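Step one of this worksheet: look at the structure below.
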Amino acid sequence: MNKYRSHTCGELTIKDKNKTISLSGWINKKRDHGNLLFLDLRDNYGITQCLIENSHPQFKELEKLSLETVIKVDGKVSERSKDTVNKELNTGEIEISVISYKILGHTKELPLPVFSDQEYAEEIRLKYRFLDLRRKKIHQNIILRSKVISFIRSEMEKLGFLEFQTPILTSSSPEGARDFLVPSRLNPGKFYALPQAPQQFKQLVMMSGFDRYFQIAPCFRDEDARADRSPGEFYQLDIEMSFVEQENVFEVVETLMKKIFKKFSNKKIIYESFPKITYSEAMLKYGTDKPDLRNPLIINEFTEIFKREDVSFEIFKKLVKSGSIVRGIIVKNTKDKPRSFFDGIDKWAKEQGASGLAYFTIEKDSLLKGKGPVGKFFSSESIEKIMEISKANVGDSVFLACGKKNEIEKILSQARDKIGDELKLINHNTYAFCWIIDYPMFEKDENTKKINFSHNPFSMPQGELKNLDISNPLEIKAYQYDIVCNGVELSSGAIRNHIPELMYKLFSIAGYSKEEVDKKFSGMINALSYGAPPHGGIAPGIDRIIMLLAGEKNIREITMFPMNQNAQDLMMNAPSEVSEDQLKELNLSVKKKK
RNA sequence: GGGGGUGUAGCUCAGUUGGUUAGAGCGAUCGCCUGUCACGCGAUAGGUCGAGGGUUCGAGUCCCUUCACUCCCGCCA
């Protein structure tokens, strides 16, 4: 092939027997028998066992080399005897008898071993990321990521989409996350912002007449990290389409997702046609707008039960009188579960900051009755009603939460996950996609009582536009949707508002004057006034798709060079201080934090 | 900004109720070993127990402060 190798470390087989070859790679592992040395040579493509005996003049030197030294081996391909074949390796039927070797790259003592399945502290992995990335699992994850992205590009092109780049240096926008700012040298005192998403640009692409756009788009948000959320930057499959309705966007994304997940995973997609669940239904049945549909548990509304005379659960009744609501989860066939299971859930709920979960199991001798700490407060008629509402059976249990709507949504949604997990109700070999639709256009901030856009301010409200009742903004629904898989929010999207007058009206509800809208969204609002096509789109998160495919819980496992939780790159030492000269040129001075 | 977890040898970890000289495996170094594939066997080196302060006759262990990493809440239209 060239002066370094004739083959890679993953390709030689019995067919190459007796060939003289050369390989280059890292010393993955040595097994030194004193007079006989086995050496596993590794590159991106695989591992090949090399063999040298003590009669060889270079034996003593080779024996001393550290693991991870990069060497070139010239040798002969030999067939292994039947009893020494390694079935784990593609190259396991052969080995290389070393004729000569040469060091290409020395190594210092390793701060972390490459050949090991152990877990390592994040700090050391990030500082020596180039070593970490040599390890098998993460190496394969990164290769998977590359292949998925490449597949997405080719599928999107087949679907008639064109990929365009949009600016990285753009303007700060008032909505949404904190911006990363970049000072402008030529415009002292002014700043660019890195895009939180190419939202306005992709709409401008539509107004520019390009019809179908996509981009593997870098997005920058200065917000705190989570296990599934990189600090700083992440990638979206940004999509926008002209002259479409919601269904057309769904069709493209469903087609694409099914192709990706079938190609890159063996796990089964439960719903070939992704279920569509309205936002309000999702909040009721699952307590969240990103439900894990692999989990069969459903939340039911039981407030009415606590208004009955024949229910004497006074704590809940009192709260209901003062406006609280009661919802609960039915857990099937739990009559044989030990008391510790129920108490464990209750204790867990209290640890989550809730006031706990009341529970009882439905039993029947002559009459229906509740077994458990609060069971005695329920008449058999009220239990019958509970069973009617929730389709529960004798032998099932009810976990009840009482409180404000958003509080009990939160705790019951967590309880669904917790109980589903404990009772092993979740099939981890499946993907359950769904669409969440009909998001409200606005929401009320409970602290400030101010009305805000609940998602994207550029979404199109539903219904006849001339009849739009702006006096009751919280009732307005938007053509706004999310796609969710296994409880992971992959993306949100919307049919956009392409009518400038309507845009001003909606922004005014959220407290923005026409002048402010003109100033903040000048590029887009201006473009909307010169013949804008109806359009809409979506932006599935690439990182989360890869996480689902790789079965990883942490986004760093599928990111080549991630930052730590404090948004620092420990390998490159970013962020870092800059010189006085650099600051001066940018007309900046830094206030030292005390 | 708030809450939880972790921090002991290069790496992964153990260390009991506060009590002698802080241990193991891997790695490193040296020696032995011709069929291993997590090779095996023996020896040696390697420690600011994250840092600082306190309690105590005595602190890896208890208390306070602080730092780092991580998970979660807030935040992420």
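Reminder, nothing fancy here: chain letters follow the sequence lines and each chain counts from 1. In this text, all values refer to a predicted model and were calculated from it rather than measured experimentally.
With rounding to whole Å, A:Arg226 atom CZ is found 10 Å from B:C75 atom P. Across the protein-nucleic acid pair, A:Glu109 atom CD and B:U29 atom P stand 8 Å apart, rounded to whole Å.
For the residue pair A:Asn44 / A:His139, a side-chain donor-acceptor distance below 3.5 Å is found, with atom types taken as modelled.
Residue A:Gln568 places at least one side-chain N or O under 4.0 Å from the OP1 or OP2 atom of B:C69. A sub-4.0 Å separation between OP1 or OP2 of B:U36 and a side-chain N or O of A:Arg31 is absent. Within the structure, every side-chain polar atom (N or O) of A:Gln49 is placed at least 4.0 Å from both OP1 and OP2 of B:U36. A sub-4.0 Å separation between OP1 or OP2 of B:C39 and a side-chain N or O of A:Lys29 is present. Distances shorter than 4.0 Å separate some side-chain N or O of A:Lys64 from OP1 or OP2 on B:G31. For A:Asn554 and B:C71, the shortest distance from a side-chain N or O to OP1 or OP2 is below 4.0 Å. Considering only side-chain N and O atoms, A:Lys60 lies nowhere under 4.0 angstrom from the phosphate OP1 or OP2 of B:G31. Remark: A:Asn566 is not in phosphate contact with B:A68, judged by side-chain N or O atoms under 4.0 Å from OP1 or OP2.
Remark: B:C37 base-pairs with no nucleotide; criterion is Watson-Crick or G-U wobble with both hydrogen-bond distances under 3.5 Å. In this structure, B:G25 and B:C11 make a Watson-Crick or G-U wobble pair, each of the two defining distances being under 3.5 angstrom. Base pairing annotation: B:U6 forms a Watson-Crick or G-U wobble pair with B:A68, both donor-acceptor distances under 3.5 Å. Across every strand in view, B:G60 sits unpaired, with no contact that passes the Watson-Crick or G-U test at under 3.5 angstrom. The pairing partner recorded for B:G1 is B:C73, the criterion being a Watson-Crick or G-U wobble arrangement whose two distances lie under 3.5 angstrom. Across all strands shown, nothing is found opposite B:U20 as a Watson-Crick or G-U wobble partner with both distances under 3.5 Å.
Using a 4.0 Å heavy-atom cutoff across all strands shown, A:Leu51 reaches at least one base atom of the nucleic acid.
Stacking between A:His33 and the base of B:C39 is present: ring centres sit under 5.5 Å apart and the planes differ by under 30 degrees.
Here the side chain of A:Ala227 is nearest to one of B:G1, B:C69, B:C71, namely B:C71. Listed nucleotides B:C33, B:C37, B:C11 differ in distance to A:Glu63; the shortest reach to its side chain belongs to B:C33. For A:Asp224, the side-chain atoms get nearest to B:G74 when compared with the rest of B:U70, B:G74, B:C11. Closest approach to the A:Arg178 side chain among B:C75, B:C69, B:C71 is made by B:C75 (side chain taken as heavy atoms from C-beta onward). The listed nucleotides are B:C73, B:A38, B:U12; the one nearest the side chain of A:Phe115 is B:A38.
Screening A:Glu93, A:Glu95, A:Glu79 for a salt bridge (charged side-chain N to carboxylate O under 4.0 Å, His left out) with A:Lys17, the sole residue that qualifies is A:Glu79. Applying the side-chain contact (heavy atoms from CB on, under 4.5 Å) test between A:Cys434 and each of A:Asp482, A:Val484, A:Ile483 identifies A:Val484 as the sole match.
Using cut-offs of 30° and 60° for the angle between ring planes, the A:Tyr481 and A:Trp435 rings count as perpendicular.
Nearest-nucleotide positions on RNA chain B place A:Ala121 closer to the 5' end than the other of A:Ala121 and A:Arg544. Closest-nucleotide positions on RNA chain B for A:Glu53 and A:Ser454 were compared, and the one nearer the 5' end corresponds to A:Glu53.
Legend: ring pair (Phe, Tyr, Trp, His ring centres under 6.0 Å) pairs involving residues 490-522 of chain A, not counting sequence neighbours, sorted by first then second residue: A:Phe453-A:Phe507, A:Phe458-A:Phe521, A:Phe507-A:Tyr512, A:Phe507-A:Phe521.
A donor-acceptor contact under 3.5 angstrom links the side-chain atoms of A:Arg229 to the base of B:C75.
With hydrogens and angles disregarded, a donor-acceptor distance shorter than 3.5 Å links the side chain of A:Glu223 to the backbone of A:Arg178.
Nucleotides B:U61 and B:G15, compared at atom P, are 14 Å apart to the nearest Å.
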